[in-house]
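Here is the structure we will look at.
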Amino acid sequence: MATRDDGPGRAGRDEEAPRAGIVRPYALTSGRTRAKVDLPVEATLQLDPSVWDQTWSEDDLTARIVAVCEATPSVAEVSAKVGAPLGVVRVLIGDLIESGYLKVQATLTDHSSTGERHDLIERTLRGLRAI
């Protein structure tokens with residue numbers, strides 16, 4: 001275990017220490033805190049085939065969201081699977097919807113069957129537990 005040493009040579013040891021790769025959420029969304037699209041946490045998402053015409057950087061959060069959306073997850077599941085705050089994920093999903101790469105596949109309505117309601121609630125709970 002390292003001890004603190006304020007003497008000469010300390011700066012050299014600090015430079016060698018591993019640093020956290022922390023990015024503030026507002027930097028990922030260009031300062032936006034709300035999606036332009038209303039996205040309930042239980043809404044399920046579907047990729048549009050045009051998403052594969054785009055080149056996605058592997059280390060980009062948006063690319064991770066796209067990859068997770070292959071399985072038609074809920075908004076809450078996407079947040080949990082990519083390990084990003086729900087607010088950030090909502091903004092980025094909203095951008096993907098506006099660009100035509102994602103579609104909101106389902107939300108509960110008055111005409112939803114009991115099976116649809118049960119499935120959506122279970123998926124949402126799994127996503128929330130994973131957060």
Worksheet, complete the sentence: In terms of heavy-atom contacts, V82 and R64 come closest through O-NH2, 2.5 Å

Worksheet item: So do L96 and L47 actually touch side chain to side chain, heavy atoms under 4.5 Å?
Response: no

Discussion item. Under the criterion side-chain contact (heavy atoms from CB on, under 4.5 Å), I'd like the reasoning laid out for D48 against L102: C-alpha separation, chi angles, the key distance, then a yes or no.
Written reply: CA-CA 5 Å; D48 186 84; L102 273 180; over 6 Å; no

Practice prompt. Grab the two heavy atoms, one from C69 and one from V78, that are nearest each other, plus how far apart they are.
Written response: SG-CG2, 4.0 Å

Practice prompt. Give a yes or no answer on whether the side chain of R90 reaches the backbone of L39 with a donor-acceptor pair at less than 3.5 Å.
Written response: yes

Worksheet item: Once you round to the nearest 0.5 Å, how far does NZ of K36 lie from CD1 of I97?
Response: 12.5 Å

Fill in: Smallest separation among heavy atoms of L86 and A76, with atom names
CD1-CA, 4.4 Å

Worksheet item: How close do D38 and P40 get, heavy atom to heavy atom, and via which atoms?
Response: O-CD, 3.6 Å

Discussion item. I'd like to know whether the aromatic ring centres of W56 and Y101 sit less than 6.0 Å apart in this structure.
Written reply: yes

Worksheet item: So, E122 side chain and D119 main chain: donor-acceptor pair closer than 3.5 Å or not?
Response: no

Worksheet item: Rounded to the nearest 0.5 Å, how far apart are CG of L45 and CD of E77?
Response: 9.5 Å

Worksheet item: Which atom pair, heavy atoms only, marks the closest approach of G100 to S50?
Response: O-OG, 3.7 Å

Worksheet item: If only atom types and distance count, is the side chain of S79 paired as donor or acceptor with the main-chain N or O of A84 below 3.5 Å?
Response: yes

Worksheet item: Atom CG in D60, atom OG1 in T55: separation rounded to 0.5 Å?
Response: 12.0 Å

Practice prompt. Determine, stepwise, if the pair L61 / V88 fulfils side-chain contact (heavy atoms from CB on, under 4.5 Å).
Written response: CA-CA 10 Å; L61 180 56; V88 170; 3.9 Å; yes

